[in-house]
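Encoded as structure tokens, the structure appears first; notes follow it.
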Amino acid sequence: MSLHDVTYQHWEGQHKGIWHRRWVIAANGLRSCLDNKWARNLILLSWILGLIQIAILFIVGQLLVEDSVVFTLVAQFDPQVRLIVNGLVSWLIDHPEISVRTTYNIFFYFFATNLRFLAMASIVLVIPHLITRDLSSRAIIIYSSKAVSRSDYFLGKFGTVFALLSLVWLGPLVTAWFAGNFLSSNWQFFWHSKTALFNTLAYTLTAMTVLSILALGISSLSTKPRAATSYWIILWFVGNAVRGIGEHTKPWLQHVSISYDFDQIALSIFNLAEELQVAQEAIPLLGVMFREMRNNPFGWFEAKDLTGTVTALAILVVASIIIMKQRVKPE
């Protein structure tokens with residue numbers, strides 16, 4: 001008689017699909033990254049900045065309440081500043097469908113582009129927990145033995161970076177939009193500011209996808225975590241240095257900087273030059289200040305070469321995918 005029951009037994013456990021194994025890979029990488037106190041501190045800083053965004057939006061909403069503390073404080077400001085604020089208040093009251101959209105769009109452009117620095121800094125902390133460590137420990141063999149394909153593996157690692165960027169970048173922005181509107185004096189702000197939310201999602205999701213793929217490509221370059229991290233820092237900061245050179249020599253050199261490319265995408269999506277033009281026409285004193293500035297102040301907020309930007313980022317993404325496929329192979 002057999003020591004073990006070899007008769008057929010129907011499986012009574014819960015079936016888990018292919019996305020579960022991808023989630024396991026992503027969650028494991030994210031947990032490993034969050035074990036680093038610097039990663040946790042970075043996330044905390046991002047959410048503190050998110051609270052500041054909420055406070056700014058709350059102040060804008062309180063400008064419409066005449067007996068609010070904010071409105072009382074404005075009365076103590078310099079006459080010129082008070083004229084600008086009063087012009088903003090009148091604009092918000094008379095044409096909320098335009099003024100709220102424009103005001104939120106301008107604010108969230110600056111919110112999203114400034115938080116990008118922390119998002120790119122977080123990649124420094126997550127790169128060692130991606131493909132680099134698996135290459136050094138030959139964990140790819142284990143993944144292959146568990147019927148995990150390369151596409152499953154890449155999607156799982158992509159999820160690790162994307163989840164961290166969501167905590168650092170996307171989460172604070174979306175929360176600020178909802179909380180800022182919830183605390184406003186008029187809940188119609190939810191509808192009037194929807195364009196700012198859509199633009200924020202379009203910009204951040206696009207940038208997060210590109211950054212996640214680049215992080216995977218760079219983490220595939222070396223089996224040493226410090227070396228892979230150095231490659232990312234070089235790509236980031238050397239690109240910024242070349243950007244400064246390109247401003248005074250050949251403009252196409254600026255596309256070497258991924259920060260510059262993301263700036264161009266943000267300017268194109270948020271259409272900041274047009275929004276500032278609308279604000280200038282609505283608030284007379286603000287228009288006078290812009291006209292007194294030399295050259296064309298709105299030229300700073302216009303996307304200069306979107307085709308070059310898309311081409312540069314596409315080249316980096318394709319190169320990253322090729323590197324991943326070449327480096328991550330079962331033995």
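Numbers for residues simply follow the sequence, beginning at 1.
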Taking the side chain as everything from C-beta on, heavy atoms only, tell me whether [X] gets closer than 4.5 Å to [Y].
X    : Y    : value
T229 : L125 : no
S46  : L167 : no
T311 : H255 : no
V238 : I233 : no
T160 : C33  : no
V242 : Q254 : no
K157 : I25  : yes
L165 : L170 : no

Tell me the closest heavy-atom pair linking [X] and [Y], and the distance in Å.
X    : Y    : result
A312 : D261 : CB-OD2, 3.8 Å
I127 : A215 : CG1-O, 4.3 Å
G217 : I323 : O-CG2, 3.7 Å
T132 : P225 : CG2-N, 3.5 Å
F270 : A196 : CE2-O, 4.4 Å
S259 : M120 : OG-CE, 3.8 Å

Treating Ile, Leu, Val, Met, Phe, Trp and Tyr as nodes and any side-chain heavy-atom pair under 4.5 angstrom as an edge, say whether [X] and [Y] lie in one connected cluster.
X    : Y    : result
V318 : L316 : no
F58  : F182 : yes
I52  : L115 : yes
I258 : I315 : no
F154 : V24  : no

[X] side chain to [Y] main-chain N or O, any donor-acceptor pair under 3.5 Å?
X    : Y    : value
S268 : I265 : no
R101 : H192 : no
S220 : M324 : no
S257 : Y260 : yes
N114 : F110 : yes
W169 : L118 : no

In Å and rounded to the nearest 0.5 Å, what is the [atom1] to [atom2] distance from [X] to [Y]?
X    : Y    : atom1 : atom2 : result
N36  : S122 : CG    : OG    : 11.5 Å
R327 : S222 : CZ    : OG    : 7.0 Å
L51  : I56  : CG    : CD1   : 11.5 Å
L235 : L214 : CG    : CG    : 7.0 Å
H129 : N28  : NE2   : CG    : 10.5 Å
L313 : T209 : CG    : OG1   : 11.5 Å

Side chain to side chain donor-acceptor pair (under 3.5 Å) contacts touching residues 195-207 (sequence neighbours left out):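 Counting only pairs at least two positions apart or across chains, the side chain to side chain donor-acceptor pair (under 3.5 Å) contacts touching residues 195-207 are N105-N199, R116-Y203.
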
Given W47, F111, W177, the one that forms side-chain contact (heavy atoms from CB on, under 4.5 Å) with P172: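 Filter result, single survivor: W47.
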
Candidate list I218, I123, L216, test side-chain contact (heavy atoms from CB on, under 4.5 Å), partner L130, passing option: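 With L130 as partner, side-chain contact (heavy atoms from CB on, under 4.5 Å) holds for just one option, L216.
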
Decide if the gap between the ring center of [X] and the ring center of [Y] is smaller than 6.0 angstrom.
X    : Y    : result
F158 : F162 : yes
F107 : Y104 : no
W232 : F237 : no
W236 : F117 : yes

Side chain to side chain contact (heavy atoms under 4.5 Å, CB included) between F108 and L57, worked out: CA-CA 10 Å; F108 274 91; L57 297 176; 3.9 Å; yes

Within 6.0 Å of CZ in R226, more than 12 heavy atoms from elsewhere: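 No - once you tally the heavy atoms of other residues, nucleotides and ligands closer than 6.0 Å, there are 12 at most.
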
Residues that F178 engages under ring pair (Phe, Tyr, Trp, His ring centres under 6.0 Å), provided they are two or more places apart: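 For F178, no residue satisfies ring pair (Phe, Tyr, Trp, His ring centres under 6.0 Å) once neighbours in sequence are set aside.
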
Any residue meeting ring pair (Phe, Tyr, Trp, His ring centres under 6.0 Å) with F262, in chain and number order, not counting sequence neighbours: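 By the ring pair (Phe, Tyr, Trp, His ring centres under 6.0 Å) rule, F262 matches no residue at all.
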
Worked verdict on V161 versus L164 for side chain to side chain contact (heavy atoms under 4.5 Å, CB included): CA-CA 5 Å; V161 191; L164 180 62; 5.8 Å; no

Stepwise side chain to side chain contact (heavy atoms under 4.5 Å, CB included) test for L201 and V174: CA-CA 8 Å; L201 291 174; V174 173; 4.0 Å; yes

